[in-house]
Number of protein chains: 4
Amino acid sequence: MTEKPLSRRQREMLRYRQEVLQAALQLFSARGYDRVSMRQIAEKAEFSVGTLYNLFKNKEDIYRAIIVEVADRFETAARGALQGSGNPLERIRAFIAACARVVEENSPAIRLYLSLTRGMAFHFKAGFDEEVQERDRRILQLLASVLEEGGRAGLLRYDLHPDHLALALDGLLGAFLLRCMEEGAGCRPEIYSAVVEEVFLKGALAVDPSKA
Amino acid sequence: MTEKPLSRRQREMLRYRQEVLQAALQLFSARGYDRVSMRQIAEKAEFSVGTLYNLFKNKEDIYRAIIVEVADRFETAARGALQGSGNPLERIRAFIAACARVVEENSPAIRLYLSLTRGMAFHFKAGFDEEVQERDRRILQLLASVLEEGGRAGLLRYDLHPDHLALALDGLLGAFLLRCMEEGAGCRPEIYSAVVEEVFLKGALAVDPSKA
Amino acid sequence: MTEKPLSRRQREMLRYRQEVLQAALQLFSARGYDRVSMRQIAEKAEFSVGTLYNLFKNKEDIYRAIIVEVADRFETAARGALQGSGNPLERIRAFIAACARVVEENSPAIRLYLSLTRGMAFHFKAGFDEEVQERDRRILQLLASVLEEGGRAGLLRYDLHPDHLALALDGLLGAFLLRCMEEGAGCRPEIYSAVVEEVFLKGALAVDPSKA
Amino acid sequence: MTEKPLSRRQREMLRYRQEVLQAALQLFSARGYDRVSMRQIAEKAEFSVGTLYNLFKNKEDIYRAIIVEVADRFETAARGALQGSGNPLERIRAFIAACARVVEENSPAIRLYLSLTRGMAFHFKAGFDEEVQERDRRILQLLASVLEEGGRAGLLRYDLHPDHLALALDGLLGAFLLRCMEEGAGCRPEIYSAVVEEVFLKGALAVDPSKA
DNA sequence: TATGAATGAGACTTCATTCAT
DNA sequence: AATGAATGAAGTCTCATTCAT
């Protein structure tokens, strides 16, 4: 697991890639993938077009890098919460909080991510968009399994299919987090995640108060 | 409000417009606005490109017509339910059912609509996308006002801000309806809307059972 | 075999295609395929770049059309001579004359054709260059079979392999015809073809004078 | 004419140049000048792009060096044969053999050379391609003068213009030698040059058997 | 001296839109 | 009114060449 020390060249390249991704992210997030040209990305990142192609295979590769990064971050956070310690109820709470945190830290990238996992997906040749959707689906299944476990433990109601409960929580989270991002300045994920907890846990899951 | 009777020519033109919209809808829904060319729309609709420009001002106008149509339909259905008869609780139930019905009937168009109202929006010059978002927001406010009314009437819990509750319901609905559309064959909005009711009403709203 | 009468539109398109081919031919012949841009062809043909793409699938398609045309013309002329009437000797003479005639009439196109069948070939994706080479090879085999027939008939010497004789004649012809084209103004294929006849028939074939 | 002894550095540089030329030759021969990038040459030669530019002025200069080298080799061999000892007939035979030998030893380079001297030439800015063609023409004239000398000596027929005979021999040679290179595995210049001798000498030149 | 990242001109191609027929 | 050929701006990507390290 020890990382080889990177040469100065390599470190520079990584930094440049981050700068390009930063610029591309803002543009994609504001105008959509197809409405942003390589020249625009180059200008915003203050590189030449040719340099973009030294750093990335092509335009799609830039997009992929952005999405994969946020997908990794999200997956890590989600798995950390859902597979962490504590009873299912606590893990659900941790999951809600983790999602809010990821959104707070990666606001613009999350918009792209959500546009690929919910609703309209572009259709890329490499099909990496479907890979991302597949990864997202696995998180949802993990969430469902934790809900089911909670049901068996008597912590959560079990009269609804765990898949449906997972989808409900996911929908609630998505709606609130998107709302957070819309409001420009006053983005308060911690408030919204409290509401999600309230609505979802007190309601949908009908927690047995003697156990919670 | 009386409509002038349309000439044969005008009726024909309306029918042609519908055929073009039908073709464009399928293409946009499958590949996304920017990945579809006017020539492709013309071929699918079995018109010439020139005729498309006689029927619509430009490509964006075709898109707008699709979106406005589904937005109208959705708004009509939503207002009909939320401003209809019955107590707030019954109106919420009617709203959920109405949403499910609209989705069932306009499945592909709804995908485009949702991509414009949640998550990523293209940015069109004419700014009609923001108009649509504004209309959507007004529905949400109407929903919130009904929820508030229900709270004042003691039918629904009032410890959460009605805007948040509205957003929660909206998010739940969106998630389930999108899921309906994904599953290709087995699209069952009536099942999903039952789940939404269950999750939202029994849970989030903590209906006073003596009154419901 | 009756041809449908072409619409005015179709006739116009064919004429336009010919104009483009004419322009492209001159440019390709002077500078080589890879040194000529679509913009240059468009300018020389006095069309816009877009129109070029309405008339031809892509740049390679323009090249292909030029080559295929001259290849067809050459093949027709060659087969007509070699499979025509007369004894093998007369057919060889007709072949030599036919080649000279084709070159005389299609001088610039022949240069492209020869660059594809002898010497350096570009490598096109569609592999049509190999098709053209294959067609050329078949003509050579046909020529060889006529030479062999002449040998069996006692008209031509048979101590050399017919394939080699065919190649010899082909090489002679190629060298003289290329020379014709080089000299700009004074291109005299009829003189050169006389020399080829003289050199090849009197010499290589050692015609039995009593039979010729 | 005495060469200064080269420094180690200079000798090294010459060796590097040869390695680059070797790599470039293979690529140019396989794909054509315009389809090969400097980066590809650099990779095949296992140098950096920058080093290529230290060794050669530019891409064209690499091409020129390849061509000039084979042109020199060919010219040396041809002059050696044609200006050597023996009667004209023997010198022609030596010339044919020399050509076969050069081809055998420089097969890929010859393809490039022939594409520049027969048929299609690229048009380089510096016009060195025309220089090469000029040099080639001088060899042809030298060949013609030997043929003429043979004619005057009664060894060779003189009813045809020596230039035409020279061209005929050149065309025969070119055709057979190109054929040798095409056949991949079984390349037998010595066989083909025998055929050329047979066809050309026995036939075209109608050697007076009493003198040969 | 050797390297290879940076550059930007220029290549091919697509496409929304217009307009003569 | 209906057509679809013509247009040229704009997009993605490549590549010869330079130059800081």
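All values below were derived from every heavy atom in this structure, side-chain atoms included, with hydrogens, water molecules and symmetry-related copies excluded.
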A.B. asks: When the distance from CG of D:Asn58 to P of F:dT18 is rounded to whole Å, what number comes out?
C.D. replies: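 Roughly 8 Å, once rounded to whole Å.
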A.B. asks: Tell me which of C:Thr51 and B:Arg9 sits closer to the 5' end of DNA chain F, going by the nucleotide each one is nearest to.
C.D. replies: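 Here B:Arg9 is the residue nearer the 5' end.
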A.B. asks: Please give, in whole Å, the distance from F:dT3 C1' to B:Leu52 CG?
C.D. replies: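 It is 12 Å, rounded to the nearest whole Å.
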A.B. asks: Which word best sums up how the rings of B:Tyr63 and B:Phe128 line up, parallel for under 30°, tilted for 30 to 60°, or perpendicular for over 60°?
C.D. replies: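 If you compare the ring of B:Tyr63 with that of B:Phe128, the planes turn out perpendicular.
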A.B. asks: Would you confirm whether D:Ser115, through its side chain, and D:Leu112, through its main-chain N or O, come within 3.5 Å as a donor-acceptor pair?
C.D. replies: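 Indeed, once roles are kept as given, a pair shorter than 3.5 Å links the two residues.
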A.B. asks: How long is the line joining OH of C:Tyr53 and C1' of E:dA11, in whole Å?
C.D. replies: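 Taking atom C1' of E:dA11 as the reference, OH of C:Tyr53 is at 9 Å.
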A.B. asks: Report the distance from atom CZ of B:Phe56 to atom C1' of F:dA2, rounded to the nearest whole Å.
C.D. replies: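 Nearest whole value for this atom pair: 16 Å.
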A.B. asks: For E:dA20, give the paired nucleotide (Watson-Crick: N1-N3 plus N6-O4 or O6-N4; G-U: N1-O2 and O6-N3; both under 3.5 Å), or none.
C.D. replies: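 Partner of E:dA20: F:dT3.
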A.B. asks: Nearest-Å distance, CD (A:Glu46) to P (E:dG8)?
C.D. replies: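 Rounding to the nearest Å, CD of A:Glu46 and P of E:dG8 are 13 Å apart.
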A.B. asks: Identify, between D:Lys59 and B:Val49, the residue whose nearest nucleotide on DNA chain F lies closer to the 5' end.
C.D. replies: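 Going by which nucleotide is closer to the 5' end, it is B:Val49.
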A.B. asks: Counting side-chain heavy atoms from C-beta on, which of F:dT14, E:dT13, E:dA2 comes nearest to D:Ser48?
C.D. replies: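 When the side chain of D:Ser48 is considered, E:dA2 is the closest of F:dT14, E:dT13, E:dA2.
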A.B. asks: Nearest heavy atom decides the nucleotide; on that basis, is A:Gly50 or C:Val36 closer to the 5' end of DNA chain E?
C.D. replies: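 Whichever sits nearer the 5' end wins; that is A:Gly50.
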A.B. asks: With a 3.5 Å limit on both atom pairs, tell me what F:dG8 is paired to, counting Watson-Crick and G-U wobble, or say none.
C.D. replies: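 Matched F:dG8 with E:dC15 under the 3.5 Å cut-off.
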A.B. asks: Nearest whole Å is fine: how far is F:dA10 C1' from B:Asp34 CG?
C.D. replies: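 Whole-Å distance recorded here is 13 Å.
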A.B. asks: For A:Glu131, is there an ion pair with A:Arg135 - N to carboxylate O distance below 4.0 angstrom?
C.D. replies: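 Looking at A:Glu131 together with A:Arg135, the answer is no, because their closest N to O distance does not fall below 4.0 Å.
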A.B. asks: If you assign C:Met38 and D:Phe47 each to the DNA chain E nucleotide with the nearest heavy atom, which residue ends up on the more 5' nucleotide?
C.D. replies: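 First, find each residue's nearest nucleotide; the 5'-ward one identifies D:Phe47.
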A.B. asks: Please state how far atom CG in D:Leu27 lies from atom C1' in F:dC15, giving the value in whole angstrom units.
C.D. replies: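 In whole Å, F:dC15 C1' and D:Leu27 CG are 15 Å from each other.
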A.B. asks: Within this structure, what is the CG-to-P distance between D:Leu55 and E:dA2, rounded to whole angstrom?
C.D. replies: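 In whole Å, E:dA2 P and D:Leu55 CG are 7 Å from each other.
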A.B. asks: Answer yes or no: side-chain N or O of C:Asn54 and base N or O of F:dA6 forming a donor-acceptor pair under 3.5 Å.
C.D. replies: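 Present.
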A.B. asks: Would you check if C:Tyr113 and C:Asn106 make a side-chain contact, meaning some heavy-atom pair closer than 4.5 Å?
C.D. replies: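 C:Tyr113 does not reach C:Asn106 side chain to side chain.
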A.B. asks: Using the ring of each side chain (for Trp, its six-membered ring), is B:Tyr33 parallel, tilted or perpendicular to B:Phe28, with breaks at 30° and 60°?
C.D. replies: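 Tilted.
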